[in-house]
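Every value quoted in this text rests on a predicted model; they were computed, and no experiment measured them. Values reported hereafter were calculated over all heavy atoms of this structure, with side chains retained and with hydrogens, waters and symmetry mates removed. The sequence lines fix the lettering, A, B, ..., with proteins before strands; numbering per chain opens at 1.
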There are 2 protein chains.
Amino acid sequence: MKRIADSTVRRLSIYLRFLEDFEKRGIATISSDELAARGGTTSAQVRKDLSFFGSFGKRGLGYSVAELSARLRQILGLEREWQVVIIGAGKIGAALAQYHGFAQRGFRIVAVYDSDPAKVGRSVDGLVIRSLDSLPEEAKRHPPDIAVLAVPATAAQEVADMVVKSGIRAILNFAPQQLQVPETVAVKAVNMAMELEGLSFALTNG
Amino acid sequence: MKRIADSTVRRLSIYLRFLEDFEKRGIATISSDELAARGGTTSAQVRKDLSFFGSFGKRGLGYSVAELSARLRQILGLEREWQVVIIGAGKIGAALAQYHGFAQRGFRIVAVYDSDPAKVGRSVDGLVIRSLDSLPEEAKRHPPDIAVLAVPATAAQEVADMVVKSGIRAILNFAPQQLQVPETVAVKAVNMAMELEGLSFALTNG
DNA sequence: TTGGACTTGTGAATTTCTTCACAAGTTATC
DNA sequence: GATAACTTGTGAAGAAATTCACAAGTCCAA
C-alpha cells in the first residue's frame, strides 16, 4: 500500500468522530460536503483521503454512515482492543489513568508504572502502581501494545529505550522531549508546551 | 510578513527547547546540523525555518546559543507573560491547573472555571473554582489571553462561543471536538484520542 | 423515458513544503 | 597571507499535499 500521510490519518480520525455522532442521531447517509464542513476541510479533501483506501460512496447519494464508519474503524485498526500501559504516575499519568474516555474507544489501560518507590503499591483508579523495573519482565508475559509516557523530560529518553527493549512498538509521549527510537517503533507526541507556544506566536504575529 | 507555516512554528519550539538545554550546559555555539540531529530534521530545514525571520548565524561557525534562543523567544512571543484561564475543573482541568510546567514557561494560570455548582467554590492548587457564568464579566476587567478548554465534547462548542464572546483570542482545546470559531481566534487542539488512533493505524498498517 | 439535481472518484493543475547545491563568509593553522 | 576545513543563507529543484474540474453514476419527478 502507498504510504499514507499523517495528516490523512488525523483527518480520518476526525471524520470517524462525526460519523459516530451521526450514527447515534440515526442519520443514514452523508455527503463529502457535510463531512468537510464539520471537519474544517473541503469535500475534495475528504474524497481524496478516502480514495487511498477504496471507494465507499454512491454517486449522487453520498456515503452510508454505518458503512463508512465501519470501514474507518477497520482502517484505523479500531476493531480490536489495544493494551495500554501508562508510565509515570504523577499528575498527568494519574489523570490519564482515571480518564475513562480511552477505554471507551478500545484503548484499555492494563497497568501503571512508576520508578518512585514511594508511589509503587498505591493505586490509581483501581490499578496498583508497579515498579518500572518490573516492566521488561511483565511485558514478556503480557505484551502491551502501546506505552504512554508521562514522565519528566529528563527521564523520557531512558524510559523510551526501556519501553523499546521490552518489545513495545508504539509510544504516546507526553514529555516535552524529542524521542530517538528505531523506525519500527511508532511515536506520537502530545506536547502542550508546544501548542501553547504556537498560540503565543499566533497572538504575537496575528 | 509572509505567512509562516504551522510546521515551522512547531519546529522553532523544538529548537528552542534544545537551545535552552545547551544554554544550561554552557555551550556557546551550535550548528544547524547539530540542531537538526536532535530535532529529527535536516540542517537545510533548520536554516530555512530561521531564514523566514532573519539571519542569525555566522558562516563557518554556526549560531550563538544565547542569541538564537533569545531571538526564538522573541519570535514566539515568549518574552511576556500570558494570562491563561482553564475552563472545566474535571480530571484533565484539575491536572492542568496543578501542572506547574506552564507557569515556568510564562503561561500563568489566573483562574479556573466550571459550570457545575458543586465544584464552584472549591479550590485547585490555590485557585478557587469560579462559576462559568461569571467569565464574560470577569474577562472584561482582567482580559485573559488564552482559554484552555477541558470540558466534555458535548459542551465544547458552546463554551468556545462564550470564550470568543468574552474577547479571548486563543484557545487550547482538549475536548475531542472540532471547534468552529472566527478566523481571528487561534485554536490549537490537543487530542489524545486522535493520537492514539494514529498509533493504532501505525500498528495495524505497519 | 427523459431531464434535472446531486454527488462521487480521480487525473491534472496548483500550491505548499522540503531538500539540494553552492556561493560567500569565518576561523584556524602554518 | 595562503590554504584548508567549516558553516550559513538562499535561489532552484524536487516532492508532497491540496484543490480543481469534470466524466460518470444515482435518484426522483413528471
- salt bridge (Lys or Arg N to Asp or Glu O under 4.0 Å) between A/R25 and A/D21, intermediate numbers included: CA-CA 6 Å; A/R25 292 198 267 148; A/D21 194 37; 3.4 Å; yes
I need the [atom1]-[atom2] distance between [X] and [N], as an integer number of Å.
| X | N | atom1 | atom2 | value |
| --- | --- | --- | --- | --- |
| A/F53 | C/dT10 | CZ | C1' | 16 Å |
| B/D49 | D/dT8 | CG | C1' | 14 Å |
| B/I4 | C/dT16 | CD1 | C1' | 13 Å |
| A/D6 | D/dA16 | CG | P | 14 Å |

So, the side chain of [X] versus the backbone of [Y]: is there a donor-acceptor pair under 3.5 Å, distance only?
| X | Y | value |
| --- | --- | --- |
| B/W82 | A/L199 | no |
| B/D114 | B/A89 | yes |
| A/S200 | A/L196 | no |
| A/Q157 | A/Q180 | yes |
| B/E195 | A/V190 | no |

- Message: Checking contacts here: which listed nucleotide (D/dT18, D/dA12, D/dG9) is nearest the side-chain heavy atoms of B/K48?
- Response: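 Of the options given, the side chain of B/K48 lies nearest D/dA12.
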- Item | Which residue lies more 5' along DNA chain D, comparing B/F56 with A/R11 via nearest heavy atoms | B/F56
- When you match A/R47 and B/S51 each to their closest nucleotide on DNA chain D, which lands nearer the 5' end?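 Closer to the 5' end of DNA chain D: B/S51.
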Taking atom types as modelled, is there a side-chain donor on [X] or [Y] under 3.5 Å from an acceptor on the other?
| X | Y | answer |
| --- | --- | --- |
| B/D133 | B/Y113 | no |
| B/N173 | B/Q177 | no |
| A/E34 | A/S31 | yes |
| A/E197 | B/S13 | yes |

- Where along residues 24-46 of chain B does a heavy atom fall under 4.0 Å from DNA chain C?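 Those residues are B/T42, B/A44, B/Q45.
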- Query: Is B/Y63 near enough to D/dG9 that one of its side-chain N or O atoms lies under 4.0 angstrom from OP1 or OP2?
  - Reply: yes
- Message: To the nearest 10°, give me the bend of the helix from C/dT1-D/dA30 to C/dC30-D/dG1, comparing the axes of its five terminal pairs at either end.
- Response: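 Axis-to-axis angle, ends of the helix: 10°.
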- Item | Full working for side chain to side chain contact (heavy atoms under 4.5 Å, CB included) between A/V112 and A/D125 | CA-CA 10 Å; A/V112 178; A/D125 200 53; over 6 Å; no
- Query: How does each nucleotide of nucleotides 25-30 of chain C score, in 5' to 3' order, for protein heavy atoms under 4.0 Å: base (B), sugar-phosphate only (S), or none (-)?
  - Reply: BB----
